[in-house]
Amino acid sequence: MTAQSTRKGRHILLLMVAAGVALLGGCITTGKVLEPQEKFGSVSTYSRLYDASPAQTCEAARRALLSQGYIINTNTPDLIAGQKNFQPDADAHVQVMIRVVCVPENADASISLGFVTALQDSYTLKKANNSASLGVGSVGSVSLPFMTGGGESLVKVGSQTIEANDFYDSFFDLVKRFLLSNESQQAQEQ
């Protein structure tokens, strides 16, 4: 190799590196920037004050969920979590998970704050395409599709926090109703 061809090779290499850096720089700057999804605003959508202890509020929340067909997954004095499944049509499945956290709002814990968040996961039915290959001597192999009984599965297609005020209002009203019925039951026992 001559000195001139070595310099020419280095020059080409430097040009290729510079082009690669420029290409990468262009990819980085043209990437999509996602805006923040959260705007902190109203404090009343996901929380309510109750004239009850945190344990009483969470018990009323547990009863509210049970009365609507939810399965309770977590049950502690300050946390309730439940889920319910829906099937809006033959190929769709929706699961709603509700989590309630109850905290004291004053020193003697006679007033509590209930925080509720509901998450909705969406699934769709996907059919698995199974195939079998059949080797034929002079033609080659042929792939033939076939269906089996276990060829379908649910695939998660979305997940979001439910933000509808009406949803939470109706839940909080039901919790309040169970708290009031519990108070009247305790008054009758005394």
Side-chain angles (χ1 to χ4, degrees), residues 28 31-128 150-190:
I28 292 171
K32 185 175 182 180
V33 176
L34 295 176
E35 294 295 321
Q37 299 298 306
E38 185 66 60
K39 293 184 169 108
F40 290 97
S42 172
V43 295
S44 65
T45 300
Y46 303 104
S47 63
R48 290 290 190 286
L49 280 172
Y50 293 103
D51 286 330
S53 71
Q56 291 168 327
T57 300
C58 269
E59 175 59 20
R62 184 183 74 85
R63 290 174 184 229
L65 291 174
L66 287 171
S67 75
Q68 300 303 304
Y70 282 79
I71 297 170
I72 304 301
N73 300 328
T74 304
N75 182 17
T76 65
D78 60 351
L79 172 67
I80 302 295
Q83 72 181 37
K84 186 175 180 180
N85 298 307
F86 302 89
Q87 190 168 359
D89 60 55
D91 292 342
H93 177 82
V94 175
Q95 184 177 61
V96 176
M97 292 172 280
I98 297 180
R99 181 180 170 109
V100 183
V101 177
C102 307
V103 297
E105 186 62 15
N106 60 358
D108 68 351
S110 62
I111 298 174
S112 62
L113 190 57
F115 294 97
V116 179
T117 304
L119 180 68
Q120 180 172 301
D121 292 335
S122 302
Y123 299 85
T124 189
L125 189 64
K126 296 284 184 183
K127 296 183 190 278
E152 299 175 337
S153 62
L154 286 174
V155 177
K156 190 175 189 177
V157 293
S159 182
Q160 69 179 22
T161 300
I162 297 174
E163 296 179 350
N165 286 335
D166 294 345
F167 176 87
Y168 292 100
D169 288 343
S170 63
F171 176 76
F172 287 124
D173 289 345
L174 192 54
V175 169
K176 185 175 182 179
R177 218 176 314 152
F178 276 102
L179 278 171
L180 292 174
S181 70
N182 187 39
E183 286 176 10
S184 66
Q185 185 178 20
Q186 286 178 349
Q188 288 176 357
E189 291 173 359
Q190 292 176 353

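Numbering of residues begins at 1 and proceeds along the displayed sequence.
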J.: Taking atom NZ as the centre, does Lys176 end up with more than 12 heavy-atom neighbours from other residues, nucleotides or ligands that are less than 6.0 angstrom away?
T.: no
J.: Within this structure, what is the CD-CD distance for the pair Gln120 and Gln160, rounded to the nearest 0.5 Å?
T.: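 CD of Gln160 is found 6.0 Å from CD of Gln120.
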J.: To the closest 0.5 Å, what do you measure between CG (Asp166) and CZ (Phe171)?
T.: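 Going from CG on Asp166 over to CZ on Phe171, the span is 15.5 Å.
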J.: Please name all residues satisfying side-chain hydrogen bond (donor to acceptor under 3.5 Å, both in side chains) with Asp108, sequence neighbours left out, ordered by chain then number.
T.: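 Partners of Asp108 under the side-chain hydrogen bond (donor to acceptor under 3.5 Å, both in side chains) test: Asn106, Ser110.
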J.: Glu163 vs Tyr46, test: side chain to side chain contact (heavy atoms under 4.5 Å, CB included). Steps then yes/no.
T.: CA-CA 9 Å; Glu163 296 179 350; Tyr46 303 104; 3.4 Å; yes
J.: Applying side-chain hydrogen bond (donor to acceptor under 3.5 Å, both in side chains), name anything that partners Ser122, two or more places apart in sequence or on another chain.
T.: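 Per chain and number, Ser122 pairs via side-chain hydrogen bond (donor to acceptor under 3.5 Å, both in side chains) with no residue.
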J.: Run the salt bridge (charged side-chain N to carboxylate O under 4.0 Å, His left out) test against Lys126 and tell me which residues pass, sequence neighbours left out.
T.: none
J.: For residues Leu119 and Ser159, determine if any side-chain heavy atom of one lies less than 4.5 Å from a side-chain heavy atom of the other.
T.: yes
J.: Using only atom types and a distance under 3.5 Å, with no angle test, would you say the side chain of Thr45 pairs donor to acceptor with the backbone of Asn165?
T.: no
J.: Are Phe178 and Ser67 side-chain neighbours, meaning at least one heavy-atom pair lies under 4.5 Å?
T.: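 The answer is yes; the side chains approach within 4.5 Å.
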J.: For Asp91, enumerate each residue passing the salt bridge (charged side-chain N to carboxylate O under 4.0 Å, His left out) test, keeping only those at least two apart in sequence or located in another chain.
T.: none
J.: Measuring only between side-chain heavy atoms, which start at C-beta, is Val116 closer than 4.5 Å to Ser47?
T.: no
J.: Is the shortest side-chain N to carboxylate O distance from Asp169 to Arg48 below 4.0 Å?
T.: yes
J.: What distance do Ser53 atom OG and Glu105 atom CD have between them, rounded to the nearest 0.5 Å?
T.: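 It comes to 13.5 Å.
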J.: Should Phe115 and Val100 be marked as a side chain to side chain contact (heavy atoms under 4.5 Å, CB included) after you check the CA-CA gap, both sets of side-chain angles, and the distance that decides it?
T.: CA-CA 6 Å; Phe115 294 97; Val100 183; over 6 Å; no
J.: Under 3.5 Å, is there a donor-acceptor pair between the side chain of Gln68 and the main chain of Leu65?
T.: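 No: the side chain of Gln68 does not pair with the backbone of Leu65.
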J.: Work out which heavy atom in Leu179 is nearest to a heavy atom in Ala52; give both atom names and the distance.
T.: CD2-CB, 3.7 Å
J.: Output the distance between atom OG (Ser112) and atom CG (Asp51), rounded to the nearest 0.5 Å.
T.: 8.5 Å
J.: Is it true that a side-chain atom of Tyr168 and a backbone atom of Ile162 form a donor plus acceptor pair closer than 3.5 Å?
T.: yes
J.: Quick one: does Tyr70's side chain have a donor or acceptor within less than 3.5 Å of a partner on Met97's backbone?
T.: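 Not at all, since once roles are kept as given, no pair shorter than 3.5 Å links the two residues.
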J.: Go through Asp78 and Val101 one step at a time and tell me if the side chain to side chain contact (heavy atoms under 4.5 Å, CB included) criterion holds.
T.: CA-CA 6 Å; Asp78 60 351; Val101 177; 5.6 Å; no
J.: Measure the shortest side-chain to side-chain distance between Arg99 and Leu79 over non-hydrogen atoms and say whether it is less than 4.5 angstrom.
T.: yes
J.: How long is the straight-line distance from CD1 of Ile98 back to CG of Asn73, given to the nearest 0.5 Å?
T.: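 One finds 11.5 Å between CG of Asn73 and CD1 of Ile98.
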J.: Just wondering, do Val96 and Phe86 contact through their side chains at under 4.5 Å, heavy atoms?
T.: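 Touching, per the 4.5 Å side-chain cut-off.
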J.: Do Pro104 and Pro54 come close enough that some side-chain heavy atom pair is under 4.5 Å?
T.: yes
J.: Is there a side chain to side chain contact (heavy atoms under 4.5 Å, CB included) between Gln95 and Gln83 once you walk through the steps?
T.: CA-CA 7 Å; Gln95 184 177 61; Gln83 72 181 37; 3.2 Å; yes
J.: Within a strict 4.5 Å, meaning less than it, do heavy atoms of the Val94 and Asn85 side chains meet?
T.: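 No. Closest side-chain heavy atoms not under 4.5 Å.
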J.: Arg62: what forms a side-chain contact (heavy atoms from CB on, under 4.5 Å) with it, not counting sequence neighbours?
T.: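 Counting only residues at least two positions away or on another chain, Arg62 forms a side-chain contact (heavy atoms from CB on, under 4.5 Å) with Glu59, Leu66, Ile72, Asn75, Ile80.
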J.: How long is the span from the CZ atom in Phe172 to the CZ atom in Phe167, to the nearest 0.5 Å?
T.: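 Spacing of CZ (Phe172) from CZ (Phe167) equals 10.0 Å.
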J.: Are any non-hydrogen side-chain atoms of Ile71 and Lys84 less than 4.5 angstrom apart?
T.: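 A side-chain contact is absent here, since even the closest heavy-atom pair is not under 4.5 Å.
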J.: How would you list, by chain and number, every residue that makes a salt bridge (charged side-chain N to carboxylate O under 4.0 Å, His left out) with Asp121, sequence neighbours excluded?
T.: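 Partners of Asp121 under the salt bridge (charged side-chain N to carboxylate O under 4.0 Å, His left out) test: Lys156.
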